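In what follows, a single structure is set out as structure tokens and then discussed.
In what follows, chains are A, B, ... by sequence order, proteins preceding strands, each numbered from 1. Just so it is clear, the model here is predicted, and its values are computed rather than measured.
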2 protein chains.
Amino acid sequence: MCHHCDYKSLLEQSGLGASENRLSVLEVIGNNSYPLSAGDIFKTVERHSAINRVTVYRILDVLVDHGIVDRISTGGRAFYYGLAPNSHHQPHSHFYCKHCGQMDCLNPESLSVDANLLKKTFPGRIDKVEVRVDGICKNCIK
Amino acid sequence: MCHHCDYKSLLEQSGLGASENRLSVLEVIGNNSYPLSAGDIFKTVERHSAINRVTVYRILDVLVDHGIVDRISTGGRAFYYGLAPNSHHQPHSHFYCKHCGQMDCLNPESLSVDANLLKKTFPGRIDKVEVRVDGICKNCIK
DNA sequence: AATTTTAATGCAAATTTTTTGCATTAAAAG
DNA sequence: CTTTTAATGCAAAAAATTTGCATTAAAATT
Ligand SMILES: [Mn+2]
Ligand SMILES: [Mn+2]
Ligand SMILES: [Zn+2]
Ligand SMILES: [Zn+2]
């Protein structure tokens with residue numbers, strides 16, 4: 001849940017029209033405390049307003065392209081989506097439970113990554129360093 | 001390319017029958033210097049011996065389940081497969097080029113991850129910490 | 001060696017997730 | 001008000017993976 005982000009201006013600052021659908025998708029993502037799959041997002045938006053599944057995919061693409069939302073890989077075969085790091089959200093890694101498929105955001109302090117050396121020596125463009133922890137969550141472990 | 005691994009005994013040590021197909025799949029993965037997709041592996045094995053695509057998927061599953069092979073997520077929608085860390089291969093992270101889809105293995109020293117604090121405090125089971133760097137490779141950047 | 005049991009494979013079809021093409025509607029610009 | 005552009009919907013396709021079931025090969029028993 002983000003109380004700091006103004007979704008409408010997040011869109012407008014990127015030159016994107018703040019359509020009803022885009023706002024709904026972004027709110028679902030931003031109001032959730034962990035990343036969601038496109039299917040989850042579709043089902044949630046759909047409960048309140050009519051929307052097509054393809055529209056959700058297209059909105060997710062445009063939000064990812066504009067750096068508003070992060071596309072996060074899982075140990076499964078669907079991507080999950082969460083707010084991209086910004087002034088209110090520092091970068092952090094995620095935990096993926098391979099039993100129930102739930103993702104959790106991990107405390108940035110609990111896991112540290114140092115990519116400085118790589119960034120200096122890598123002969124290509126680096127856009128993102130994604131860290132994902134896979135295992136079984138505390139609910140499923142019982 | 002791994003000159004140290006004896007694929008046949010890797011299989012047998014895990015209690016897996018060393019069938020022709022399993023050996024072929026494991027050799028293709030082990031002899032390659034970067035991770036490959038199931039489709040790549042299928043096409044490569046197929047050139048020398050007849051094999052069904054589904055068999056490749058099933059062999060990959062069994063190799064991953066037994067910790068012989070690592071299933072590696074990409075920024076795209078297919079998994080890639082590489083030899084799992086063992087006495088001859090230390091754990092390392094990977095680079096994924098979102099233009100050509102090629103993965104590279106990164107030097108373990110170029111990127112350091114410290115998951116000790118997480119492992120102490122996380123209320124679940126941690127099986128794997130995957131680090132993936134996304135961007136554009138030196139060939140595609142031109 | 002013949003028989004029974006288990007493991008591995010093939011093939012067809014289904015599933016899941018994502019993408020594309022094209023028509024329609026809504027919004028913005030002129 | 002008209003023209004242009006952006007957003008959406010719907011149907012279909014594509015890509016990756018999974019499932020069910022039959023067949024074959026290998027291993028274990030008798
Ligand atoms: Mn998060
Ligand atoms: Mn590797
Ligand atoms: Zn779980
Ligand atoms: Zn490339």
Side-chain angles (χ1 to χ4, degrees), chain A residues 7-8 11-12 14-28 35-46 48-66 68-81 96 98-101 103, chain B residues 7-8 11-12 14-28 35-46 48-66 68-81 96 98-101 103:
Chain A
Y7 302 125
K8 194 155 177 290
L11 289 170
E12 284 163 355
S14 298
L16 293 174
S19 74
E20 192 68 34
N21 283 338
R22 284 180 180 163
L23 274 170
S24 301
V25 167
L26 191 48
E27 277 165 18
V28 167
L36 296 168
S37 71
D40 292 336
I41 295 165
F42 169 65
K43 274 182 275 174
T44 307
V45 172
E46 204 191 18
H48 300 287
S49 58
I51 190 171
N52 188 277
R53 176 176 250 109
V54 178
T55 303
V56 172
Y57 278 113
R58 280 196 280 235
I59 288 173
L60 289 171
D61 283 346
V62 88
L63 294 178
V64 169
D65 283 349
H66 286 78
I68 299 171
V69 159
D70 243 9
R71 171 178 284 129
I72 302 164
S73 71
T74 68
R77 59 195 164 102
F79 291 116
Y80 281 34
Y81 298 85
Y96 175 75
K98 49 189 166 192
H99 185 260
C100 65
M103 274 208 140
Chain B
Y7 301 126
K8 193 155 176 290
L11 289 170
E12 285 163 355
S14 297
L16 293 173
S19 74
E20 193 66 35
N21 283 338
R22 283 180 181 164
L23 274 170
S24 301
V25 167
L26 190 49
E27 275 166 19
V28 168
L36 297 168
S37 71
D40 292 336
I41 295 165
F42 169 65
K43 273 182 276 175
T44 307
V45 172
E46 205 193 15
H48 300 287
S49 57
I51 190 171
N52 188 277
R53 176 176 251 108
V54 178
T55 303
V56 172
Y57 279 113
R58 281 197 278 233
I59 288 174
L60 290 171
D61 282 346
V62 89
L63 294 178
V64 169
D65 283 350
H66 286 77
I68 299 171
V69 159
D70 243 10
R71 170 178 282 131
I72 302 163
S73 71
T74 68
R77 58 190 161 107
F79 292 117
Y80 281 35
Y81 298 85
Y96 176 76
K98 48 188 166 192
H99 185 260
C100 65
M103 273 207 140

key: Under the salt bridge (charged side-chain N to carboxylate O under 4.0 Å, His left out) test, residues paired with B:D61 that sit two or more places apart   = B:R71
task = Using whole Å, report how far CG of B:L60 lies from P of C:dT9.
result = 12 Å
message = For a quick test of reading the model, state the closest non-hydrogen atom pair linking B:G17 to B:L11 and the distance between them.
response = O-CD1, 4.4 Å
remark   = In whole angstroms, the gap separating P of D:dA7 from CG of A:D65 amounts to 13 Å
Nucleic acid footprint by protein, nucleotides 23-30 of chain C - heavy-atom cut-off 4.0 Å, B for base, S for sugar-phosphate alone = --------
task = Name all pairs fulfilling the salt bridge (Lys or Arg N to Asp or Glu O under 4.0 Å) condition that reach into residues 17-27 of chain A, sequence neighbours left out, sorted by first residue then second.
result = none
Qualifying residues under side chain to side chain contact (heavy atoms under 4.5 Å, CB included), relative to B:A38, sequence neighbours excluded = B:Y57, B:L60, B:Y81
ask   = How would you list, by chain and number, every residue that makes a salt bridge (charged side-chain N to carboxylate O under 4.0 Å, His left out) with B:K43, sequence neighbours excluded?
value = none
query = Do any side-chain nitrogens or oxygens of A:N52 fall under 4.0 Å of OP1 or OP2 in D:dT8?
reply = no
ask   = In whole Å, what is the span from the CD1 atom of A:I59 to the P atom of D:dA7?
value = 9 Å
request  = Let me have a per-nucleotide readout for nucleotides 13-19 of chain D, 5' to 3', with B, S or -, counting only protein heavy atoms under 4.0 Å.
outcome  = --BSBBB
query = Partners of B:N52 by side chain to side chain contact (heavy atoms under 4.5 Å, CB included), sequence neighbours excluded?
reply = B:V54, B:T55
inquiry  = Holding to side chain to side chain contact (heavy atoms under 4.5 Å, CB included), I want the full list of residues that pass it with A:H99, two or more places apart in sequence or in another chain.
reply    = A:C97, A:I136, A:C140
key: By side-chain hydrogen bond (donor to acceptor under 3.5 Å, both in side chains) - contacts of A:S37 (at least two apart)   = A:D40
inquiry  = With heavy-atom distances below 4.5 Å as the criterion, would you say the side chains of A:I68 and A:L16 are in contact?
reply    = yes
key: Separation of C:dA7 P from B:L63 CG (nearest whole Å)   = 17 Å
query = Does B:E46 have any salt bridge (charged side-chain N to carboxylate O under 4.0 Å, His left out) partners at least two apart in sequence or in another chain, and if so, which?
reply = none
request  = Can you see which heavy atom on B:N21 is nearest to which on B:A50, and at what distance?
outcome  = OD1-O, 4.2 Å
key: Any residue of residues 16-24 of chain A with a heavy atom less than 4.0 Å from an atom of DNA chain D   = A:G17, A:S19, A:N21, A:R22
